[in-house]
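For reference, the structure discussed in these notes is given below.
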Amino acid sequence: MTLSLETPALLFSATSLILLAYTNRFLTIAQIIRNLKKSYDENESRKILLQIKNLNLRLTLIRLMQLFGVLCLFFSVFAMLVLFLNLHVLGIWLFGISLLCLLISLGLSFWEISISVTALRIHLDDLK
């Protein structure tokens, strides 16, 4: 199997956009937690506390998503460097690790979205 120098570079634009989306999610959830914390300080509600705990788990997942997204970029760049130095087997392995990191990041993203959807459904149960 051969791998050209340009192949790992294909991940740059996709991974950069994914990291931007993850950062936006992180900032939005952080703002919601700040608002809920104010509400909890005024009125110590168990429901608010459960929402904060749920959002805290989601923040943790988003941080892991960001970590694996950055590792994906790191290993892509490293693979390009190694391919430039004509170490093709090592370059293929590093690119494979990069793809694995991207898969883990996307899997964590799916988990975080699932938690979000479940929380919204619970929140909307009051309307029934």
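What you see below is based on every heavy atom in this structure, not just the backbone, and it leaves out hydrogens, waters and symmetry mates. Residue indices begin at 1 and follow the sequence shown.
For the salt bridge (charged side-chain N to carboxylate O under 4.0 Å, His left out) condition, the pairs that include at least one residue of residues 52-64, sequence neighbours left out, are R58-E112. Identified under the salt bridge (charged side-chain N to carboxylate O under 4.0 Å, His left out) test for residues 68-91, with sequence neighbours left out: none.
Of all non-hydrogen atoms in L10 and S13, the two that sit nearest each other are O-OG, 4.0 Å. Listed here is the closest heavy atom pair of I33 and N56: CD1-N, 4.1 Å. For F12 against S16, the heavy-atom pair with the smallest separation is O-OG, 2.7 Å.
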- Message: Between Y40 and L36, does the side-chain contact (heavy atoms from CB on, under 4.5 Å) criterion hold? Intermediate values first, please.
- Response: CA-CA 6 Å; Y40 183 77; L36 284 173; over 6 Å; no

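Rounding to the nearest 0.5 angstrom, the gap separating the OG atom in S105 from the CZ atom in F110 is 14.0 Å. Interatomic distance, N54 CG to I115 CD1, rounded to the nearest 0.5 Å: 6.5 Å. Taken to the nearest 0.5 Å, the CD1 atom of I29 stands 7.0 Å off from the OG atom of S116. Between the CD1 atom of I52 and the NZ atom of K47 there is a distance of 13.5 Å, given to the nearest 0.5 Å. Going from atom CE of M65 over to atom OH of Y22 covers 4.5 Å, rounded to the nearest 0.5 Å.
Linking Ile, Leu, Val, Met, Phe, Trp and Tyr whenever their side-chain heavy atoms come within less than 4.5 Å leaves L103 and L11 in two separate clusters. Taking hydrophobic clusters as Ile, Leu, Val, Met, Phe, Trp and Tyr residues chained together by side-chain heavy-atom distances below 4.5 Å, L57 shares a cluster with I32.
F68 has its side chain out of reach of L100: every pair of non-hydrogen atoms, C-beta onward, lies at least 4.5 Å apart. Annotation: side chain of L90 is in contact with side chain of L94 (closest heavy-atom distance under 4.5 Å). Within the 4.5 Å cutoff, no side-chain heavy atoms of H88 are placed close to those of L3. In this structure the side chain of I18 reaches within 4.5 angstrom of the side chain of L102, judged on heavy atoms.
Apart from I113 itself, the hydrophobic cluster it occupies contains V117, where clustering links Ile, Leu, Val, Met, Phe, Trp and Tyr at side-chain heavy-atom distances under 4.5 Å. Membership of an apolar cluster is not assigned to L20, as no side-chain contact below 4.5 Å to another ILVMFWY residue is traced.
The side-chain hydrogen bond (donor to acceptor under 3.5 Å, both in side chains) test applied to T15 returns no partner, not counting sequence neighbours. The side-chain contact (heavy atoms from CB on, under 4.5 Å) search around R46 returns L50, not counting sequence neighbours. Checked against side-chain contact (heavy atoms from CB on, under 4.5 Å), L64 has the following partners two or more places apart in sequence or in another chain: L67, L108. In terms of the side-chain contact (heavy atoms from CB on, under 4.5 Å) criterion, residue partners of V89 (sequence neighbours excluded) are, by chain and number, W93. K38 pairs by the side-chain hydrogen bond (donor to acceptor under 3.5 Å, both in side chains) definition with nothing, not counting sequence neighbours. In this view, N86 satisfies the side-chain hydrogen bond (donor to acceptor under 3.5 Å, both in side chains) rule with no residue, not counting sequence neighbours. Here T118 pairs with nothing under the side-chain hydrogen bond (donor to acceptor under 3.5 Å, both in side chains) rule; sequence neighbours left out.
Counted by atom type alone, R25 and S109 present one or more donor-acceptor pairs between their side chains at under 3.5 Å.
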Listed pairs under 3.5 Å, donor-acceptor, residues 69-85 side chains, sequence neighbours left out:
| from | atom 1 | to | atom 2 | distance (Å) |
| --- | --- | --- | --- | --- |
| S76 | OG | C72 | O | 3.0 |
| S76 | OG | S98 | OG | 2.7 |

